[in-house]
Amino acid sequence: MEEKIRVGIINYLNTRPLLYGLQHPPINRQIELIEDVPARLAEMLINDQIDVGLVPVAITKRLPQYFINGSYCIGAIGDVASVCVFSQVPLEQVEKIYLDYQSRSSVALCKWLIKNHWKIQPEIIDAQNESYLKAIKGTTAGLVIGDRALQQRPKFEYIYDLAGEWKAATGLPFVFAAWISTKKLPEDFIKEFDKANAYGLSHLEEVIAQIPEGIYDLNKYYSQDLSYTLDNEKRKGLEQFLKILSSPS
Ligand SMILES: C=C(O[C@@H]1C=C(C(=O)O)C=C[C@H]1O)C(=O)O
């Protein structure tokens with residue numbers, strides 16, 4: 001039997017439509033799915049433990065060569081809802097900001113926004129584990145991504161959505177993660193893989209039906225907040241972000 005292609009995928013709700021597609025035939029027979037948080041998937045790609053992964057685009061600067069596969073990504077045209085700085089006070093009064101240890105792209109974006117868009121000078125702390133969520137209070141704010149961000153939303157008066165802030169700063173959509181590999185993948189595989197992504201995205205009702213009802217409207221999340229197509233505008237946004245990351249700050 002042919003060896004399976006190891007595919008790393010984020011274990012948040014944001015990927016569930018893509019996951020749905022990948023769990024269906026024929027692609028499901030060709031791949032082994034490995035689920036983890038974005039920062040861990042990035043390490044797995046760097047260490048050759050996966051062949052392709054929906055990994056944070058910010059880590060491409062650590063790869064000697066890379067390929068962006070297919071026509072789908074985790075992106076947003078405006079507010080994304082699940083990547084935000086949460087605070088009890090307005091940004092101008094914030095003294096410390098914790099950055100999410102599960103993230104790579106949003107951490108880099110947040111640092112850039114702090115310096116170039118918000119123009120504030122808080123102390124920046126890299127969170128090490130989940131306990132930082134409890135430290136977000138008073139003049140201490142925190143960047144939180146994924147499902148945990150959706151859970152934080154009702155608890156905070158001030159919410160700064162990073163995709164919306166990027167859009168305000170640059171006029172462009174933002175790409176958080178894309179299907180990145182360090183080696184060229186077979187063309188026919190990419191074609192099937194892309195079809196599977198499209199299949200999942202065209203079955204949102206079924207995807208949502210599999211998830212227990214929570215605190216956020218998933219129909220809105222999948223069809224308005226997140227934007228999965230890696231179109232020209234997103235590629236422009238991605239290019240601009242990668243340029244920022246490679247320029248000395
Ligand atoms: C939209 C999101 O985008 C994510 C943010 C990432 C990052 O900051 O590195 C990576 C993958 C995505 O899961 C989210 O997590 O909610």
Side-chain angles (χ1 to χ4, degrees), residues 7-19 22 33-46 50 52-63 66 68-69 72-86 97-114 124 126-127 130 132-133 142-153 159-167 172-180 197 200-201 211 214-218 220-230 234 237-238 241-242 244-245:
V7 177
I9 187 159
I10 301 156
N11 60 4
Y12 299 158
L13 287 170
N14 59 10
T15 61
R16 292 293 281 268
L18 306 179
L19 187 61
L22 294 174
L33 280 167
I34 297 137
E35 295 184 48
D36 215 320
V37 300
R40 280 277 315 137
L41 290 180
E43 294 309 315
M44 284 185 209
L45 185 68
I46 291 164
I50 52 175
V52 57
L54 193 53
V55 302
V57 296
I59 64 110
T60 52
K61 62 178 183 188
R62 289 175 57 196
L63 302 171
Y66 65 89
I68 294 184
N69 300 283
Y72 298 94
C73 66
I74 300 288
I77 296 170
D79 284 354
V80 69
S82 57
V83 177
C84 305
V85 169
F86 295 94
I97 297 191
Y98 276 99
L99 300 181
D100 197 333
Y101 68 101
Q102 296 189 4
S103 155
R104 289 292 178 265
S105 295
S106 313
V107 160
L109 173 59
C110 193
K111 285 182 180 163
W112 182 79
L113 288 168
I114 286 172
I124 294 173
D126 290 318
E130 212 63 357
Y132 86 99
L133 295 176
L143 167 67
V144 189
I145 74 165
D147 306 358
R148 303 124 73 235
L150 297 176
Q151 285 154 11
Q152 302 301 312
R153 296 186 65 84
I159 301 179
Y160 301 90
D161 190 299
L162 261 57
E165 296 287 321
W166 167 262
K167 176 75 180 240
L172 292 167
F174 192 78
V175 176
F176 291 95
W179 290 113
I180 297 171
N197 280 226
L201 288 167
I211 305 168
I215 39 126
Y216 197 80
D217 176 351
L218 289 179
K220 176 175 183 294
Y221 190 44
Y222 294 141
S223 48
Q224 289 174 40
D225 301 328
L226 289 159
S227 176
Y228 292 95
T229 41
L230 187 53
K234 292 225 189 56
L238 174 57
F241 181 57
L242 296 184
I244 285 168
L245 293 186

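Both backbone and side-chain heavy atoms feed into the values below; hydrogens, waters and symmetry mates do not. Order of listing sets the numbers, starting from 1, for every ligand and every atom in it.
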For ligand 1, list all ligand N or O to protein N or O distances below 3.5 Å, rounded to 0.1 Å.
unit_1   : atom_1 : unit_2 : atom_2 : d
ligand 1 : 8 (O)  : Ser103 : OG     : 2.7
ligand 1 : 8 (O)  : Ser106 : N      : 2.8
ligand 1 : 8 (O)  : Ser106 : OG     : 2.5
ligand 1 : 9 (O)  : Arg104 : N      : 2.8
ligand 1 : 9 (O)  : Ser105 : N      : 2.7
ligand 1 : 13 (O) : Asn14  : ND2    : 2.9
ligand 1 : 15 (O) : Asn14  : ND2    : 3.4
ligand 1 : 15 (O) : Gly146 : N      : 3.3
ligand 1 : 16 (O) : Ser82  : O      : 3.3
ligand 1 : 16 (O) : Ser82  : OG     : 2.5
ligand 1 : 16 (O) : Gly146 : N      : 3.2

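- For the pair Ile145/Tyr12, a side-chain contact is recorded, criterion being any heavy-atom separation below 4.5 Å from C-beta on.
- Val80 has its side chain out of reach of Leu162: every pair of non-hydrogen atoms, C-beta onward, lies at least 4.5 Å apart.
- By the 30° and 60° cut-offs, the orientation of the rings of Phe174 relative to Trp166 is perpendicular.
- Between the Asp161 side chain and the Ala81 main chain, a donor and an acceptor come within less than 3.5 Å of each other.
- Partners of Tyr216 according to the ring-ring contact (aromatic ring centres under 6.0 Å, His included) rule, which considers only residues two or more places apart in sequence or in another chain, are Tyr221.
- Of the candidates Val55, Leu22, Val52, Ile50, Ile9 forms a side chain to side chain contact (heavy atoms under 4.5 Å, CB included) with just one, namely Leu22.
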